[in-house]
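Chain letters run A, B, ... following the sequence lines, proteins first, then strands; residues in each count from 1.
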Protein chains: 2
Amino acid sequence: MVRMSAADRRAALIEAALRVVSREGLAQATTRAIVAEAGMSLASFHYAFDSRDELVDELIGTVVARERKAVAPEELIAAAGAGASLAELVEAGLLRYFDHLRADPEHEQAMLELTQYALRSPERHPLAVAQYDRYTDLVVEALEAAADLTGARWRLPVEHVARVLVAFSDGLTITWLVDRDDAAAARVAAAAADALSRMADPR
Amino acid sequence: MVRMSAADRRAALIEAALRVVSREGLAQATTRAIVAEAGMSLASFHYAFDSRDELVDELIGTVVARERKAVAPEELIAAAGAGASLAELVEAGLLRYFDHLRADPEHEQAMLELTQYALRSPERHPLAVAQYDRYTDLVVEALEAAADLTGARWRLPVEHVARVLVAFSDGLTITWLVDRDDAAAARVAAAAADALSRMADPR
DNA sequence: AGGCGACTGGGTCAACTGTCCCAGTCCGTC
DNA sequence: GACGGACTGGGACAGTTGACCCAGTCGCCT
């Protein structure tokens, strides 16, 4: 038995829960499965959390807060070449995201499952909204950087552009999770980048 | 008590199950909830189906087989005007799908949940693949009709174009289910139509 | 009319799940 | 080194769920 503070225990349980959800799905993430994954006893669970619902809510908050830009703009320049166009930059960014998806499909599947779970009850709906707001914010940053780097200027509010890109990436994700067709995903990325780049005036 | 054939009973249970899944989610679709919705006793369930899993599998098959083109091409012409461009036609089609989504969001949410459920086990994965193949087939038909009507010609295999459109519609669906932002969904539809139309040579 | 098989209702069972409790153990503080 | 509270392990409990069973009922065919 390992002694740890309540805060550490909550964090450890959340990590364990994320692993279980990724591996087996939210429905299989029972309190017993989670504590087994964390190597704790069942009592520790209810010492750290009032209920399973409380843990799941906090799990969503945690993964959302932890979500990072898949790519730094500098990386993209390196990947796409110095004289890259906006479309090429956006496509490189999407492909980078796709690499990330391919490296850990279960994680994205878990995120999707958590979203759907949150959508199912009115009081948890805001969690899903926050999740997608976060996605949009990250994309906004990337799009602004991409515009800066290429000297282009978004013709729409960049939040609108980002919202479209979030939708496209989500579609790319689900369809790829279903058919695992890399070439098809690449075509989706190219089409999305093309559409996006037309929302900007090049300089 | 109503007497009905085993086939009718299976069908009635599947309809009831779809209603429960739409209204409350797959996790809440217990055998008891389903028979209550169908107005039967629990024994009737296991007379008609060997197990709940068998019903869920058949439910997926049923809803996939039932999936119809949201729009007939003639309708689109009426909606988009006689001299509509390919991009306008595709956008009109997407908006028509969006109307359908807005009219019954719970149904699309249920479809998404069933997909994720199927993705979770290797032996059910093919059900998800079949579901998306069906989507793609429907879109292929619509895209061919749209090209005919405008005299355009797809530069890529139309299946590839359709696969991209399926991804885009899926993204439109999920993001709208989360934020219910009609204007944002319209922008996604416009961007998707724009990207798609560039995959064809106009005549 | 009789009989056979399809069908139904109600009850039952074991497994699982979330939650709780209690007796005991450990750690930092005085 | 004693003490109080933080922490842990094992067990228990009630509710839910999928599955099943059996006695009985009904419709159809001969």
Side-chain angles (χ1 to χ4, degrees), chain A residues 1-60 110 113-114 117-118 120-121 123-124 127, chain B residues 1-60 110 113-114 117-118 120-121 123-124 127:
Chain A
M1 137 195 135
V2 185
R3 293 255 154 181
M4 53 177 85
S5 71
D8 286 352
R9 191 163 294 276
R10 285 173 75 96
L13 281 167
I14 285 177
E15 289 311 313
L18 180 58
R19 286 195 298 274
V20 175
V21 173
S22 294
R23 192 179 342 115
E24 301 170 46
L26 186 56
Q28 307 301 318
T30 64
T31 52
R32 281 169 179 81
I34 293 168
V35 296
E37 175 77 24
M40 305 179 187
S41 80
L42 198 47
S44 300
F45 186 100
H46 285 284
Y47 185 81
F49 291 97
D50 279 348
S51 69
R52 177 182 180 273
D53 279 354
E54 187 185 318
L55 174 133
V56 175
D57 287 355
E58 198 156 316
L59 172 59
I60 297 178
E113 241 173 286
L114 290 172
Y117 168 79
R120 273 295 171 193
S121 74
E123 66 269 25
R124 262 183 283 270
L127 291 174
Chain B
M1 135 194 139
V2 185
R3 293 254 152 181
M4 53 176 88
S5 73
D8 286 352
R9 191 164 294 279
R10 283 172 77 96
L13 280 167
I14 286 177
E15 290 310 313
L18 180 57
R19 287 196 298 275
V20 175
V21 173
S22 294
R23 190 176 347 113
E24 301 170 47
L26 186 56
Q28 306 302 317
T30 63
T31 53
R32 282 167 179 81
I34 293 168
V35 297
E37 176 77 23
M40 305 176 188
S41 82
L42 197 48
S44 301
F45 186 100
H46 284 285
Y47 185 80
F49 291 96
D50 280 347
S51 69
R52 176 182 181 273
D53 279 354
E54 188 187 318
L55 175 133
V56 175
D57 287 357
E58 199 157 314
L59 172 58
I60 297 178
E113 243 173 283
L114 290 173
Y117 168 78
R120 272 298 172 192
S121 74
E123 65 269 26
R124 262 183 282 270
L127 291 174

Practice task
Starting from P on C:dG11, measure out to OH on B:Y47 and report it in whole angstrom.
Solution key: 22 Å
Practice task
Supply the atom-to-atom distance A:L18 CG to A:R23 CZ, rounded to the nearest 0.5 angstrom.
Solution key: 10.5 Å
Problem - From B:L13, B:L127, B:I14, residue fulfilling side-chain contact (heavy atoms from CB on, under 4.5 Å) relative to B:L59 - result: B:I14
What are the atom names and distances for every N/O pair under 3.5 Å that joins the protein to nucleotides 15-21 of chain C?
from   : atom 1 : to    : atom 2 : distance (Å)
C:dG18 : OP1    : A:R52 : NE     : 3.1
C:dG18 : OP2    : A:T31 : N      : 2.8
C:dG18 : OP2    : A:T31 : OG1    : 2.7
C:dG18 : N7     : A:R32 : NH1    : 2.6
C:dG18 : O6     : A:R32 : NH2    : 2.7
C:dT19 : OP2    : A:R52 : N      : 2.8

Problem - Qualifying residue, where the test is side-chain hydrogen bond (donor to acceptor under 3.5 Å, both in side chains) with A:R120 and the options are B:E113, B:E24, B:Q28 - result: B:E113
Exercise for the section: Measure the distance from CE on B:M40 to P on C:dG10 and round it to the nearest whole Å. Expected result: 15 Å
Completion exercise
Closest heavy-atom pair, A:S41 versus A:V35, reported as atoms and distance to 0.1 Å, is O-CG1, 3.8 Å
Exercise for the section: Only counting residues at least two apart or in another chain, list the ones meeting side chain to side chain donor-acceptor pair (under 3.5 Å) with A:R52. Expected result: none
Practice task
Measure the distance from CG on A:D8 to C1' on D:dA6 and round it to the nearest whole Å.
Solution key: 14 Å
